[in-house]
Amino acid sequence: MENTENGDTIELLKECNAGVKMGVDSIDDVLGNVADDKMRKLLADCKDKHQELGSETHTLLNRLHNGGKSPSAMACGMAHIKTNVMITFSGTDHTIADLMTDGCNMGVKSLHRYMNKYKAASDESRDIARRLIALESKLAQDLSCYL
């Protein structure tokens, strides 16, 4: 790998890693409040798939001698507060679907931005980003019936 490719690969993988962590944390925040069994299973399955992608991402980052990136403390904190406040005042599956759909849409948007920014990233890292985008898009679509 050339330097630009290696650097772009690391940066794209770090952003994917942070996105996976944010997704898992968000699902964890709401899972205990979901009333509908089908919706709970949908979220739990999505969490598992996020964790699988996170493991892949982590393995590649370790191979490139990079520990990864955590989502920003501010973003995590604000998301956690918003989720808890909204669930406290309206803890319905509709509210949870709304929150999760917004999070998925932000994730997809960010990942597209990073794929455009890190154009020299390896095919393997770009594939992970595309699969994460597909996972987030599918979750948003699957949750649409709860909105």
With no hydrogens and no angle check, is any side-chain donor or acceptor of [X] less than 3.5 Å from a backbone partner on [Y]?
X: S55; Y: Q51; value: yes
X: H50; Y: C46; value: yes
X: R126; Y: A121; value: no

Are a donor atom and an acceptor atom from the side chains of D98 and H94 found within less than 3.5 Å of each other?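 Absent: no donor and acceptor within the cut-off.
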In the structure I gave you, are the side-chain heavy atoms of [X] and [Y] within less than 4.5 Å of one another anywhere?
X: R113; Y: E15; result: no
X: T95; Y: V30; result: no
X: D28; Y: V24; result: yes
X: M100; Y: I27; result: yes
X: T101; Y: S144; result: no

Compare every heavy atom of [Y] with every heavy atom of [X], then report the nearest pair and how far apart it is.
X: T57; Y: L13; result: CG2-O, 3.2 Å
X: D8; Y: A120; result: OD2-N, 3.0 Å
X: E136; Y: C104; result: OE1-CA, 3.2 Å
X: D93; Y: A35; result: OD1-N, 2.9 Å

request  = For side chain to side chain contact (heavy atoms under 4.5 Å, CB included), just list the numbers for K41 and D45, CA-CA rounded to whole Å, side-chain angles, deciding distance to a tenth of an Å, and then say yes or no.
outcome  = CA-CA 6 Å; K41 181 171 176 9; D45 289 348; 2.8 Å; yes
Note to self: Using the rule that Ile, Leu, Val, Met, Phe, Trp and Tyr join whenever any side-chain heavy atoms are under 4.5 Å apart, tell me whether L64 and L53 fall into a single cluster.
What the structure shows: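 Same hydrophobic cluster.
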>> Please tell me whether L31 and M39 are part of a single hydrophobic cluster in this structure, the criterion being side-chain heavy atoms less than 4.5 Å apart.
In response: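 Yes, L31 and M39 fall within the same hydrophobic cluster.
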Please enumerate all residues that pass side chain to side chain donor-acceptor pair (under 3.5 Å) together with [X], with sequence neighbours excluded.
X: R40; answer: D37
X: R131; answer: E56, D127
X: K49; answer: none
X: N105; answer: none

Exercise. For side chain to side chain contact (heavy atoms under 4.5 Å, CB included), just list the numbers for K14 and Y114, CA-CA rounded to whole Å, side-chain angles, deciding distance to a tenth of an Å, and then say yes or no.
Key: CA-CA 10 Å; K14 284 168 48 175; Y114 293 125; over 6 Å; no
* Asked: By side-chain contact (heavy atoms from CB on, under 4.5 Å), which residues pair with E124, not counting sequence neighbours?
  ->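 Listed in chain order: L60, R63, S122.
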Problem set entry | Qualifying residues under side-chain contact (heavy atoms from CB on, under 4.5 Å), relative to S137, sequence neighbours excluded |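 For S137 the side-chain contact (heavy atoms from CB on, under 4.5 Å) partners, ignoring immediate neighbours, are V108, I133.
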- prompt: Distance from L135 atom CG to I128 atom CD1, nearest 0.5 Å?
  reply: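 Rounded to the nearest 0.5 Å, the CG-CD1 separation comes to 12.5 Å.
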